[in-house]
Amino acid sequence: MRQTMDEVRQRLLTRLRKIEGQVRGVQRMVEAGDDCGEILNQIAAIKSALSSVGLLIFENHAYECICRAIEEENKEAGLKEVVKVLEKLMRHEIYVIKEEI
């Protein structure tokens, strides 16, 4: 069962507040001169959480685009929009993967 936009919005806001707290925690760790490995672990967790938020937003956007395209009988335009947004979402991840190779 799909969640309502209000339910999704609340989930997003909760996740974003947690991420905000994690970022502040990293800032305190840097100020305190904490172990670099621990700071990097926290940064990895923040990146993962932010990717999760992006994916949730993308999922809802994709459903909206596809549903609108089907209603308007313009499936190709809807799918192009979904691909365009996914490309933007993944652009940074692809860049990071290429750097690691």
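Atom set for the values below is all heavy atoms of this structure, side chains included, hydrogens, waters and symmetry mates excluded. The model shown is predicted, which means the values in this text are computed figures rather than measured ones.
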Taking distance alone, no hydrogens or angles, what donor-acceptor pairs closer than 3.5 Å link side-chain atoms of residues 35-45 to residues at least two apart or in another chain?
unit_1	atom_1	unit_2	atom_2	d
Asp35	OD2	Gly37	N	3.2
Asp35	OD2	Glu38	N	3.2
Asn41	ND2	Gly37	O	3.4

Report summary line: d(Arg9 CZ, Ile57 CD1) to nearest 0.5 Å is 10.5 Å
Report summary line: Taking every heavy atom of Gly21 against every heavy atom of Arg28, the minimum-distance pair comes out as O-NH2, 4.5 Å
Query raised in the report: In terms of hydrophobic clustering (I, L, V, M, F, W, Y; side-chain heavy atoms under 4.5 Å; direct or indirect links), are Ile19 and Leu13 co-clustered?
Result: no
Report summary line: Separation between CD1 (Ile46) and CD (Glu20), nearest 0.5 Å, reads 11.0 Å
Query raised in the report: Would a hydrophobic clustering, with Ile, Leu, Val, Met, Phe, Trp and Tyr connected at side-chain separations under 4.5 Å, put Val83 with Leu55?
Result: no
Query raised in the report: Is Ser52 reaching over with its side chain to a backbone N or O of Ser48, donor-acceptor style, under 3.5 angstrom?
Result: no
Requested in this report: Report the residues that fulfil side chain to side chain contact (heavy atoms under 4.5 Å, CB included) with Lys84, sequence neighbours left out, ordered by chain and then residue number.
Outcome: Glu81, Lys88
Query raised in the report: Among Lys18, Arg17, Arg11, whose side chain to side chain contact (heavy atoms under 4.5 Å, CB included) with Arg15 holds?
Result: Arg11
